[in-house]
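Just below is one structure, and these are the notes that go with it.
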There are 2 protein chains.
Amino acid sequence: MSHHLKELLRNFGLKVTEARLQVLQVLINSDEALSHSDIQERMDDAQLDKVTLYRTLSAFEEKGLAHKVATEDLNWRYAVHLEHSENGEPDEQHAHFVCNKCDRIYCFPVEGEDNVVTIQQKEGFVIKEQEIRLHGLCPDCKT
Amino acid sequence: MSHHLKELLRNFGLKVTEARLQVLQVLINSDEALSHSDIQERMDDAQLDKVTLYRTLSAFEEKGLAHKVATEDLNWRYAVHLEHSENGEPDEQHAHFVCNKCDRIYCFPVEGEDNVVTIQQKEGFVIKEQEIRLHGLCPDCKT
DNA sequence: TTAAGTGCAAAATCTTTGCAAATGT
DNA sequence: ACATTTGCAAAGATTTTGCACTTAA
């Protein structure tokens, strides 16, 4: 399994290092996008220097291993997108659920053409990607 | 017209001050959501202290005169939403266009029920609001 | 061996807080 | 006159940069 992670890093043109393995592990174990501090908290054993974490995350992002989303609390949250492995292209449509209370982000499945929004086209704008953001309460916060 | 602005501030329970009139003027004149620094740039004549600007924007936001959106460059952008004046409730659906190049945000019209996205409901999540984000190139950047 | 990644300290940003002076009602 | 708002300075928080040391290929 650590084997799997190493291969993944190599596939994205990243050198295999301890720091990257650990951060990748944390990201993969999570079903939600994680902020810088979320990740730090989940590495309580082998603490990384925060600068290294910043750089690790940018490296993931540049190579397309992870993507980042800006949240309502003005922090980047990172999530790995393994489906991108093939061509390096991002999906054309994302759906993210943002919890109003705890600010966590979850990726939601968007399946089928029916879900494409038909916004009135505005003259002069080139639309490349649609992102749907759902705001509300996540299971942990809804009670 | 300055008359109009004063009335607007009062309607939202805000004292009328020079700083607020100016910031409101700038926001209203714009068809896109503006960041803190965007606003500063557009007030080159009568410069406000930046702390005052922060506080002015929070005041607008708290009272519901403006709403803020987190952008891909990790800055808040503010826009006035005059339609909200009536009940203070935000719209249930927003559409924002985010330019990939210059990070500007434009509000897009969403008209009619047809445009509501039908995402597969996930167990345990309470969805309160849908926001649609379109990413691409704005007229200024598309060439 | 050699280019890339890491950690520390320090700089640069960005945002918030405290408080005295100024302003609006 | 009194509560709010403003501006300045200074504190906090977050992110980036520089550079010597270490590590992966």
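Because only heavy atoms are used, hydrogens play no part in the values below, and waters and symmetry mates are left out as well, while side chains stay in. First the proteins, then the strands, lettered A, B, ... as listed; each starts at 1.
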### Task
Please list, chain by chain and in numerical order, all residues satisfying side chain to side chain contact (heavy atoms under 4.5 Å, CB included) with Val51(A), sequence neighbours excluded.
Asp49(A), Arg55(A)
#### Entry: Arg77(B) CZ - dC14(C) P separation (whole Å)
12 Å
### Task
Apply side chain to side chain contact (heavy atoms under 4.5 Å, CB included) to Glu32(A) and list each qualifying residue two or more places apart in sequence or on a separate chain.
Ser30(A), Leu34(A), Arg42(A), Arg104(A), Tyr106(A)
### Message
I need the CD-P distance between Glu62(B) and dT4(D), as an integer number of Å.
### Response
13 Å
Nucleotides 18-25 of chain C: which of its N/O atoms have a protein N/O under 3.5 Å away?
{"unit_1": "dG18(C)", "atom_1": "O6", "unit_2": "Arg55(B)", "atom_2": "NH2", "d": "3.4"}
{"unit_1": "dG24(C)", "atom_1": "O3'", "unit_2": "Val16(B)", "atom_2": "O", "d": "3.2"}
{"unit_1": "dT25(C)", "atom_1": "OP1", "unit_2": "Val16(B)", "atom_2": "N", "d": "3.1"}

### Task
Taking side chain to side chain donor-acceptor pair (under 3.5 Å) as the test, write out the residues that go with Asp38(A), two or more places apart.
Ser35(A), Arg77(A)
### Query
If you measure from OG1 on Thr52(A) to CD on Gln22(A), what distance do you get to the nearest 0.5 Å?
11.0 Å
### Query
Can you tell me how far C1' of dC8(C) sits from CG of Leu53(A), to the nearest Å?
16 Å
### Query
Is the centre of the Tyr78(B) ring less than 6.0 Å from the centre of the His67(B) ring?
no
### Task
Report yes if a side-chain nitrogen or oxygen of Tyr54(B) is closer than 4.0 Å to either non-bridging phosphate oxygen (OP1 or OP2) of dT15(C); otherwise report no.
yes
### Query
Rounding to a whole Å, what distance do you find between Leu57(A):CG and dG5(C):C1'?
14 Å
### Query
Expressed in angstrom and rounded to an integer, what is the separation of Leu48(A) atom CG from dT6(C) atom P?
8 Å
### Euclidean distance, atom CG of residue Asp49(B) to atom C1' of dT17(C) [Å, nearest integer]
13 Å
### Query
Hey, quick one: are Leu5(A) and Phe60(A) part of the same hydrophobic cluster, counting side-chain heavy atoms closer than 4.5 Å, chains of contacts allowed?
yes
### Summary
So salt bridge (Lys or Arg N to Asp or Glu O under 4.0 Å) across residues 59-71 of chain B, not counting sequence neighbours, yields Glu61(B)-Lys68(B)
### Task
Please round to the nearest 0.5 Å and tell me the distance separating atom NZ of Lys50(A) and atom CG of Leu48(A).
13.0 Å
### Query
Just checking Ala19(A): base, sugar-phosphate only, or nothing, at a heavy-atom cut-off of under 4.0 Å?
sugar-phosphate
### Message
Using whole Å, what does the distance between atom P of nucleotide dA12(C) and atom NZ of Lys50(B) come to?
### Response
14 Å
### Message
For the helix from dT1(C)-dA25(D) to dT25(C)-dA1(D), what angle separates the axis at the start from the axis at the finish, each from five pairs, in steps of 10°?
### Response
40°
### Thr56(A) vs Thr17(A), side-chain contact (heavy atoms from CB on, under 4.5 Å): CA-CA, chis, key distance, verdict
CA-CA 10 Å; Thr56(A) 302; Thr17(A) 69; over 6 Å; no
### Message
I want to check one thing: is the phosphate of dT15(D), taken as OP1 and OP2, less than 4.0 Å away from some side-chain N or O of Asn75(A)?
### Response
yes
### Summary
From CD of Gln22(A) across to P of dG7(C) the rounded distance in Å is 9 Å
